[in-house]
Amino acid sequence: MRQPGNCDTDFFSISGRQTGETVVHLHGSLDIDRAAPVLKKLSRDLDMFPLLSLTLDLTDVSHLDEYGALVLFEIKHQMSHKGLPFEMVNIDERSRRILSLVHFDTHEKCSPPQAKNKPGGMLIRLGQGALTVASNLKFMISFIGSLVLSLGHVMAHPRALRINDTIVHMAKTGVDALPIVALISFLLGLIMAFMSSLQLSQFGANVYVASLVAMAMISELGPIMTAIVVAGRSGSAFAAEIGTMRISEEIDALFTMGFNPTVFLAIPRMLALMVTLPLLTVFSNIFAIAGGLTIGILLLDLTPGSYMTQTLDTLTVFEMVWGMAKSMVFAMLIAWVGCLRGFQARGGAAAVGNAATSAVVTSIFLIILFDSIFAVMRSYWG
């Protein structure tokens with residue numbers, strides 16, 4: 001093994017004292033341009049010495065910036081990891097201020113982590129979970145209040161609404177979603193008509209297939225299926241878009257510039273969805289009835305006229321209004337949850353994915369929950 005001696009470079013010089021201590025004399029500027037080569041060469045050269053301790057002498061350092069401070073920080077961490085004494089000498093006042101920016105004396109990285117056996121781990125996790133739920137509930141209530149106040153502000157000051165963005169969101173959530181909604185609804189109408197015909201044909205009541213498909217779609221399946229599709233498609237997009245803006249600090253920039261993030265981001269999305277989801281539900285009902293009509297003509301020997309007559313005789317204005325009203329509520333829930341999860345996003349790219357996933361799951365749960373509430377309300381209403 002090489003014995004301690006002298007090692008000189010343009011960046012530093014290393015000298016070994018007879019007591020076994022190693023002293024590194026840094027030279028010149030330690031800044032962004034020289035930080036990487038200094039750290040690389042110094043770490044390599046120090047491995048050649050049988051270190052007992054290390055002292056950094058900053059007498060000849062002409063300039064030190066944050067990158068140079070991080071070099072010193074990394075050398076200190078390496079010595080701490082090896083369990084060797086470390087010190088720095090001849091530090092001027094300006095260098096001390098730079099070192100304070102990286103918390104040189106107190107940063108936890110300089111201390112090796114120590115395992116701690118905490119008693120009552122399950123109880124602690126339970127308490128942390130309860131606090132997290134309470135914090136999320138507080139944020140949800142606060143966001144509801146912010147939405148209500150923002151809607152009131154937009155109603156009082158219509159110019160505050162970003163019309164162009166609202167139209168763009170209407171196109172994304174409505175027009176772009178129409179093909180998948182139409183396909184799913186058409187296939188759903190086919191399935192419902194086919195399965196119901198297996199039973200009704202035994203009694204010669206094929207014509208009532210039209211009534212079953214129309215009532216099921218207009219009142220229940222049309223609004224809820226359309227809402228679930230839109231929640232998976234648009235609700236997740238809302239959460240991902242706003243979550244990305246949150247992580248990249250664009251929302252903080254909006255707030256700094258005097259914009260209300262709720263009015264700027266959430267209100268256009270909510271109003272767009274409240275307009276498009278009921279319309280999508282209407283198209284969903286039409287395509288589902290078309291699917292049932294296809295089965296009626298091809299398998300049940302029904303004429304288009306008889307099928308549509310039975311459908312129109314079954315439907316009432318109340319049923320159609322009821323389905324549209326539920327769609328409006330579902331739209332508010334989807335937009336609220338999507339924007340909420342986006343504003344709650346914290347961290348990196350994984351947080352955006354988690355926000356989108358949480359938005360979809362929460363939206364579907366709330367859609368089914370409120371649909372159940374509507375069913376109970378209707379039973380008592382009737």
Side-chain angles (χ1 to χ4, degrees), residues 165-196 209-210 212-241 268-297 307-308 311-312 314-315 319-339 341 356-357 359-372 374-375:
D165 286 353
T166 304
I167 295 174
V168 170
H169 290 307
M170 289 173 63
K172 290 181 178 180
T173 59
V175 178
D176 295 346
L178 182 58
I180 185 63
V181 170
L183 178 60
I184 291 176
S185 300
F186 182 80
L187 295 176
L188 187 60
L190 283 175
I191 295 170
M192 292 176 57
F194 178 75
M195 296 304 297
S196 60
V209 169
L212 190 149
V213 172
M215 283 295 297
M217 288 302 301
I218 297 294
S219 181
E220 289 295 335
L221 292 180
I224 195 171
M225 289 302 299
T226 306
I228 289 175
V229 172
V230 172
R233 187 182 178 280
S234 301
S236 60
F238 290 171
E241 291 169 359
R269 288 171 168 82
M270 174 169 285
L271 294 179
L273 201 56
M274 290 175 64
V275 172
T276 57
L277 187 57
L279 295 177
L280 282 175
T281 302
V282 173
F283 282 102
S284 173
N285 297 333
I286 293 173
F287 281 97
I289 292 173
L293 177 61
T294 302
I295 293 296
I297 295 174
Y307 188 95
M308 293 306 301
T311 298
L312 295 175
T314 303
L315 297 179
E319 296 293 342
M320 291 185 286
V321 173
W322 182 257
M324 295 285 285
K326 290 202 297 185
S327 297
M328 189 78 69
V329 174
F330 295 159
M332 295 175 62
L333 292 174
I334 295 169
W336 169 63
V337 172
C339 296
R341 296 308 184 201
T357 302
V360 175
V361 174
T362 305
S363 296
I364 293 176
F365 169 75
L366 291 177
I367 288 168
I368 296 175
L369 175 63
F370 274 76
D371 189 70
S372 302
F374 284 131

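Numbering starts at 1 and runs along the sequence shown.
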Any side-chain heavy atom of Leu188 within less than 4.5 Å of one from Met217? yes
Original post:
Within a strict 4.5 Å, meaning less than it, do heavy atoms of the Val282 and Met324 side chains meet?
Top reply: yes
Residues passing the side-chain hydrogen bond (donor to acceptor under 3.5 Å, both in side chains) test with Asp176, sequence neighbours excluded, are none
In short, salt bridge (charged side-chain N to carboxylate O under 4.0 Å, His left out) pairs touching residues 284-297 with sequence neighbours left out are none
Donor-acceptor pairs under 3.5 Å, side chain of residues 284-292 to any protein atom, not counting sequence neighbours: which ones?
unit_1, atom_1, unit_2, atom_2, d
Ser284, OG, Ser185, OG, 2.5
Ser284, OG, Thr226, OG1, 3.3
Asn285, ND2, Thr281, O, 3.2

With sequence neighbours left out, the residues meeting side-chain contact (heavy atoms from CB on, under 4.5 Å) with Leu369 are Phe365, Leu366, Ile373
Taken in chain and number order and not counting sequence neighbours, the residues that satisfy side-chain hydrogen bond (donor to acceptor under 3.5 Å, both in side chains) with Arg269 are Glu241
To the nearest 0.5 Å, atom CG of Leu271 lies from atom CE of Met332 at 9.5 Å
Residue set satisfying side-chain contact (heavy atoms from CB on, under 4.5 Å) with Leu178, at least two apart, ordered chain then number -> Leu280, Phe283
Here the pair of heavy atoms bringing Ser327 nearest to Leu277 is O-CD2, 3.3 Å
In terms of heavy-atom contacts, Ala239 and Ala359 come closest through CB-CB, 3.7 Å
The reported gap from OG1 in Thr357 to CZ in Arg341 (rounded to nearest 0.5 angstrom) is 11.0 Å
ring-ring contact (aromatic ring centres under 6.0 Å, His included) filter on Phe374, not counting sequence neighbours, yields Trp322
Correct closest heavy-atom pair for Val360 and Ala231 would be CG2-O, 3.7 Å
Check step by step if side chain to side chain contact (heavy atoms under 4.5 Å, CB included) holds for Phe238 and Leu273. CA-CA 11 Å; Phe238 290 171; Leu273 201 56; 4.2 Å; yes
Asp371 meets the side-chain contact (heavy atoms from CB on, under 4.5 Å) criterion, sequence neighbours left out, with Glu220, Ile224, Lys326, Phe330
query: Would a 4.5 Å heavy-atom cut-off, applied to side chains only, mark Phe370 and Leu333 as touching?
result: yes
For Thr276, the side-chain hydrogen bond (donor to acceptor under 3.5 Å, both in side chains) test, sequence neighbours excluded, returns Thr173
Review point. Got a sec: does the CE of Met320 have more than 12 other heavy atoms crowding it under 6.0 Å?
Key: yes
For the backbone of Met215 and the side chain of Ser219, can you confirm whether one donor and one acceptor N or O come within less than 3.5 Å of each other?
no
side-chain contact (heavy atoms from CB on, under 4.5 Å) filter on Leu315, not counting sequence neighbours, yields Ala214, Ile218, Thr311
Side chains of Ile295 and Ile191: does their closest heavy-atom pair fall under 4.5 Å?
no
Across all chains, not counting sequence neighbours, the side-chain hydrogen bond (donor to acceptor under 3.5 Å, both in side chains) partners of Thr294 are none
